Asker: 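Once you've had a glance at the structure underneath, I'll fire off some questions.
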Amino acid sequence: MTGMNLFHHVRQKVEAALRTLQQEGLLPADAPLDRITVEPPRDPAHGDVTTNAAMVLARAAGMKPRDLAGKLAALLRAEPDFKEVEIAGPGFINMRLSDAFWPQLLDAVLAEGEAYGRSDIGRSEKVNVEYVSANPTGPLHVGHTRGAVFGDALANLLEETGHDVTREYYINDAGAQVDVLARSVFLRYREALGEDIGEIPAGLYPGDYLKPVGAALAEKYGRSLLEKPEEEWLPLVRDFAVERMMALIREDLAALGIEHEVFFSERTLHESGLIDETIRELEKRGLVYVGRLPPPKGKPPEDWEDREQLLFRSSDFGDDIDRPLKKSDGSYTYFAADVAYIRNKLERGFTQLVYVLGADHGGYVKRLEAVNKALSGGSARLIARLCQLVKLYRGGEPVKMSKRAGDFVTLRQVVDEVGPDVVRFMMLTRRNDAPLDFDFEKVTEQSRDNPVFYVQYAHARICSVLRNASEELGAEAQGDVDFSLLSDEAERQLIRRIGEYPRMLEQAARAHEPHRVAFYLQDLAAEFHALWNKGKEKPELRFIMPENPLLSRTRLAFLRAIRYCLANGLRILGVRPVEKM
RNA sequence: GGUCCCGUAGCUCAGUUGGAUAGAGCACCGGAUUCCUAAUCCGGGGGUCGCAGGUUCGAAUCCUGCCGGGAUCACCA
C-alpha cells in the first residue's frame, strides 16, 4: 500500500475484470495489459474515470471494441465503487464513481496528510541527478538559475515518487580555466600586498569577487609566493581559489534552498588514475583506436589540423562521429574525464543518470548517451534534460547585460531582489525546453497574472478560513464530519482534482517534467478561488456557517485536504507555502 | 552543410507520454463586493495545431520530406 491513488484503484478493478474474461476464454492469457490506460476523461461530462482497455485489447480478443467493452462493462457494473459504467465513442468505458467512494478518498487524503501523493513507482531505483555543475571560477550567474531550480525540483519529484535520489555537482577543477582563475587570483594577491596592478589583462577574470580571495591569500602566505616560480605557486593558488569559489557557489545555492549531497571533483578522476583505468578497459574491448577525424562539414575552421589522435568509438553507440580522448599535448580531454565519471557513477550503482544541462550543451548529449550505452550495456538509462535560456526583463524592457566580462546579473542578485520562492516557482512555469521570460516587476505583482502569487494566495486564504473557524464555531469546531454533504458541482470538481494529485506526480516523474506540478497547482488554485467566490453569491456554499456545525466541520476538513495538495506540491517545487499575505 | 530543440487563439503558453467536440491566462467587451482576504470570481467572441504526405479504429502527439526560428558543430569546459 503506497497511499491513495484512485486511478490505481480503478485500474485494479479493470484488471480483475480482464482476468475474469481471460478465465472465461474470451481474452487470451497473454493479452498485453500494459498499454491500457486508466485516466480522467478530458471532458468531465464523460464521468470520473475512463479506460481504453476494450480498444487496446479488441484485436487480441478477436472482437469489435464495443463488443469487448460491453463484456467488460457488465463485470465492472457489479463493483460497488461504480455508480455508472457506460460505453462511449469507439469503445471507451466511462465510469462514474459511487457517492460512497469520494468520502473514502477524502478520509485517505487527510490520513496521509503530508505524505499524500507519495508513491513507490520508482521502486527505490538509484538515480543520480547532476545539475548546476558550473565552473568554479566565480559566482553563479542568472543563466545557471533555471537548471539549478529545475534539477532540484526534479530530484524532489523523483524522491517523492519512490526513487533513491542523489543530488550531485560536478566540479570542473581540472582544465585550463582553473589555471586562469589561479593567475587572476595571483594578481589580486599582489594587489592585496600593495602593488598597483593596473588594468586586468585580457584573458583573466576581472571580477571584484576575486579581491577578497587575493586578500585571504596574502594573509595566509604573506609575501612568500612572490619569490616562487609559477609552477610552484599555481597549484597552491588554484586549490585555494577553487575552494573559495565553491564556498561562494554553495552560498548562492543555499540562498535558493539547494543543497547537493555530492560534490564530485574532476581532478580526482585524473589523479586517482580512474581515467587511465577506464581507457584501458575500453581498449580491451576494442572501443579505442588511434585515427583521424574528418574535418567539420560546411566551413572548415581556420586552424583545423588533420592529425592522428586517440578516439573513442562513440559512433558505434549512436553518436555522429568518434570523439577524441586526448589533446594534442597528450593530456586527457574533458570528454575522457566524463567517460571515467560515467563509469564511476555506474560503479556506485546508479541505474538512472540524469543530466540537467543548458541548451548550449545539446550537442554533447549523444556522446554521453553513447558512453553510457558502451559502459552499462543498457542496464542504466542516461536522461539529459536541456534548459533553455531565461531572458530578463524589468517592466517589459529587456535587462541589458554588457558583454564586457564581469558585468553580468548574478543568481544572487535575482534571489535577493524577489526572493527564492518566486524564483523557484517562476522557473517552473514553462517547459524546460522552451525559452522563459522573467520580468522582475511582474513576478512580484499581486495579481491573477502572477502564478506564484495566485497559488500562494489560495493557500493563504485556506489558512485564513481555518484560523477563523475556531473563533466562529467555538466548541463546535471539533467533531465528526460527513463528506457526502459536499454535493455542489464546484466542490465535486475540486474533490476530483484532489484525486488526480498522485497521478499527476507520477506522470510528471515519468516524464521528468516538474513543470507539470506547477501547472496542476495553478488549476487547483483556480478551482478553489472559484468556489470561494461562489460562496459570495450563494451563502449556503460558505465554508463557515455557525448555524450548521456539521457542514462547517466537513468543509473545513475538505479545505485541509486541498491545502495538503497545495502544500505538498509546493514543497516538491521547493516553494514555501505562506499562511498569511 | 550535419545534429538537437521549438512552431497550437491577436500575445504568453498548457495539452495527461496515440484518445472523444484542442484548453487556460493576458488583452478586448459585459457583469458580481452589507458577508470566510474583490490581491478574487462569473459570462462572451476568438483556431487550416507551420505545410504536405504516411502509419490505424483514432494523430497537435508517432514516421518521412519541406518551410520558418533558436542552439551547437576537432583539440576549450
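So you know, we letter chains A, B, ... as the sequences are listed, proteins then strands, and number each from 1. The shown structure was predicted, so the numbers you read here are calculated from the model rather than taken from an experiment.
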Asker: Among the nucleotides B/C75, B/U16, B/A14, which one has an atom lying closest to any side-chain atom of A/Ala434?
Answerer: B/A14
Asker: Both distances below 3.5 Å, Watson-Crick or wobble geometry, any strand: find the nucleotide opposite B/U37.
Answerer: none
Asker: Please determine, for the side chain of A/Lys366, which listed nucleotide (B/A20, B/C4, B/G15) has the closest atom?
Answerer: B/C4
Asker: So which nucleotide from B/U16, B/U3, B/U56 ends up closest to the side chain of A/Arg59?
Answerer: B/U56
Asker: Taking atom types as they are modelled, would you say the side chain of A/Thr333 forms a donor-acceptor pair with the base of B/A77 within the 3.5 Å cutoff?
Answerer: no
Asker: Regarding A/Glu513 and A/Arg385, does a basic nitrogen lie under 4.0 Å from an acidic carboxylate oxygen?
Answerer: no
Asker: Using the ring of A/Tyr289 (Phe, Tyr or Trp, six-membered ring only), decide whether A/Arg313 places NZ or CZ under 6.0 Å from its centre and within 45 degrees of its axis.
Answerer: yes
Asker: Once you apply a heavy-atom cut-off of 4.0 Å, does A/Ile544 come out as touching a base, just sugar-phosphate, or nothing?
Answerer: base
Asker: Answer with base, sugar-phosphate or nothing: what part of the nucleic acid does A/Pro65 contact at a heavy-atom distance below 4.0 Å?
Answerer: nothing
Asker: Which value, in whole Å, describes the distance between the P atoms of nucleotides B/A9 and B/C4?
Answerer: 26 Å
Asker: Would you mind telling me which of B/G19, B/A38, B/C42 lies closest to the side-chain atoms of A/Ala530?
Answerer: B/C42
Asker: Please state how far atom NE2 in A/His270 lies from atom C1' in B/A77, giving the value in whole angstrom units.
Answerer: 11 Å
Asker: Centre-to-centre under 6.0 Å for A/Tyr341 and A/Tyr170, is that the case here?
Answerer: yes
Asker: On a whole-Å scale, what distance lies between the P atoms belonging to B/U33 and B/C28?
Answerer: 22 Å
Asker: Using atom C1' of each nucleotide, how far apart are B/G2 and B/A74 to the nearest Å?
Answerer: 14 Å
Asker: Give one of base, sugar-phosphate or nothing for A/Arg430, where a contact means two heavy atoms less than 4.0 Å apart.
Answerer: sugar-phosphate
Asker: Taking A/Lys534 first and then A/Glu491, would you say they form a salt bridge - that is, a charged N and a carboxylate O separated by under 4.0 Å?
Answerer: no
Asker: Given that both distances must come in under 3.5 Å, which nucleotide forms a Watson-Crick or G-U wobble pair with B/A24?
Answerer: B/U12
Asker: Tell me the partner of B/G1, counting only Watson-Crick (N1-N3 plus N6-O4 or O6-N4) or G-U wobble (N1-O2 and O6-N3) with both under 3.5 Å; none if nothing fits.
Answerer: B/C73
Asker: Hey, are A/Tyr501 and A/Asn5 close enough side-chain-wise for a donor-acceptor pair under 3.5 Å?
Answerer: no
Asker: Does A/Arg42 contact B/U16 through a side-chain donor or acceptor facing the base, at a distance under 3.5 Å?
Answerer: yes
Asker: Give me the distance, rounded to whole Å, that separates B/C62 from B/G70 when you measure between the C1' atoms they each carry.
Answerer: 24 Å
Asker: Could you write out each protein N or O paired with an N or O of nucleotides 31-34 of chain B at a distance under 3.5 Å?
Answerer:
none

Asker: Under 4.0 Å between any heavy atoms, over every strand shown, what does A/Tyr454 touch: base, sugar-phosphate, or nothing? Just pick one.
Answerer: sugar-phosphate
Asker: Rounded to the nearest Å, what distance is computed from the OH atom of residue A/Tyr341 to the C1' atom of nucleotide B/A77?
Answerer: 15 Å
Asker: Counting any heavy atom closer than 4.0 Å, what does A/Ala88 reach on the DNA or RNA strands: base, sugar-phosphate only, or nothing?
Answerer: base
Asker: Could you give the distance separating B/A38 and B/G47 at their C1' atoms, to the nearest angstrom?
Answerer: 33 Å
Asker: Closest to the A/Gln309 side chain: B/U16, B/C4, B/A74?
Answerer: B/A74
Asker: Determine the interatomic distance between P on B/U12 and the same-named atom on B/G7; round to the nearest Å.
Answerer: 12 Å
Asker: So A/Thr429, base contact, sugar-phosphate only, or nothing? Heavy-atom distance under 4.0 Å.
Answerer: nothing
Asker: With rounding to whole Å, what would you report as the distance between B/G45 and B/G31 at their C1' atoms?
Answerer: 16 Å
Asker: What nucleic acid atoms does A/Asn52 come within less than 4.0 Å of, heavy atoms only: base, sugar-phosphate, or nothing?
Answerer: base
Asker: Just name whichever nucleotide pairs with B/U17, Watson-Crick or G-U, keeping both distances under 3.5 Å, else none.
Answerer: none
Asker: Answer yes or no: is there an ion pair linking A/Lys373 with A/Glu369, defined by an N-O contact shorter than 4.0 Å?
Answerer: no
Asker: Considering only side-chain heavy atoms of A/Asn135, which listed nucleotide, B/U40, B/A14, B/A77, is closest?
Answerer: B/A77
Asker: Please confirm whether A/Arg448 makes a cation-pi placement over A/Tyr454, using NZ or CZ under 6.0 Å from the six-membered ring centre and within 45° of the ring normal.
Answerer: yes
Asker: I'd like to know whether A/His515 forms a ring pair (Phe, Tyr, Trp, His ring centres under 6.0 Å) with A/Phe150, so could you lay out the CA-CA distance, the side-chain angles of the two residues, the decisive distance to 0.1 Å, and finally the verdict.
Answerer: CA-CA 8 Å; A/His515 76 272; A/Phe150 175 87; 8.5 Å; no
Asker: Name the closest nucleotide to the A/Tyr334 side chain, picking from B/C76, B/U37, B/G19.
Answerer: B/C76
Asker: Heavy atoms under 4.0 Å, any strand shown: does A/Pro40 hit a base, just sugar-phosphate, or nothing?
Answerer: base
Asker: Over how many whole Å does the gap from A/Arg66 atom CZ to B/A20 atom C1' extend?
Answerer: 12 Å
Asker: Rounded to whole Å, please give me the gap between CH2 in A/Trp532 and C1' in B/C35.
Answerer: 11 Å
Asker: State whether the aromatic ring of A/Phe92 stacks on the base of B/A20, taking stacking to mean ring centres under 5.5 Å apart and ring planes under 30° to each other.
Answerer: yes
Asker: Does the structure place the NZ or CZ of A/Arg503 under 6.0 Å from the centre of the six-membered ring of A/Phe7, at an angle of no more than 45° from the ring's axis?
Answerer: yes
Asker: Write down the distance between CG (A/Leu357) and P (B/U3), rounded to a whole number of angstrom.
Answerer: 21 Å
Asker: Is there a Watson-Crick or G-U wobble partner for B/G7 with both distances under 3.5 Å, and if so, which one is it?
Answerer: B/C67
Asker: Give one of base, sugar-phosphate or nothing for A/Met581, where a contact means two heavy atoms less than 4.0 Å apart.
Answerer: base
Asker: Of all the choices, B/A20, B/U40, B/G19, which nucleotide is nearest to the side chain of A/Asn94 once you look at every atom?
Answerer: B/A20
Asker: Classify A/Ala460 by what it touches in the nucleic acid, base, sugar-phosphate, or nothing, heavy-atom distance under 4.0 Å.
Answerer: base
Asker: Give a yes-or-no answer on whether the side chains of A/His163 and A/Thr161 include a donor-acceptor pair shorter than 3.5 Å.
Answerer: yes
Asker: Is the backbone N or O of A/Arg267 less than 3.5 Å from a side-chain atom of A/Asp173, with the two atoms forming a donor-acceptor pair by type?
Answerer: yes
Asker: Using whole Å, report how far CG of A/Asp449 lies from C1' of B/U40.
Answerer: 13 Å
Asker: Can you check the A/Phe312 CZ to B/A74 P distance for me, whole Å?
Answerer: 19 Å
Asker: Under 4.0 Å between any heavy atoms, over every strand shown, what does A/His515 touch: base, sugar-phosphate, or nothing? Just pick one.
Answerer: sugar-phosphate
Asker: Consider the side chain of A/Glu39, meaning its heavy atoms from C-beta on, and name the nucleotide among B/A77, B/U16, B/C6 that approaches it most closely.
Answerer: B/U16
Asker: Would you classify A/Ser464 as touching base, sugar-phosphate or nothing, given that sugar-phosphate means primed atoms plus P, OP1 and OP2, and contacts are heavy atoms under 4.0 Å?
Answerer: base
Asker: Considering only atom C1', compute the distance from B/C57 to B/G18 and round it to an integer number of Å.
Answerer: 12 Å
Asker: Assess A/Arg394 against A/Phe440: is NZ or CZ under 6.0 Å from the centre of the six-membered ring, and within 45 degrees of the ring's axis?
Answerer: yes
Asker: Would you mind telling me which of B/U40, B/C76, B/G19 lies closest to the side-chain atoms of A/Lys327?
Answerer: B/C76
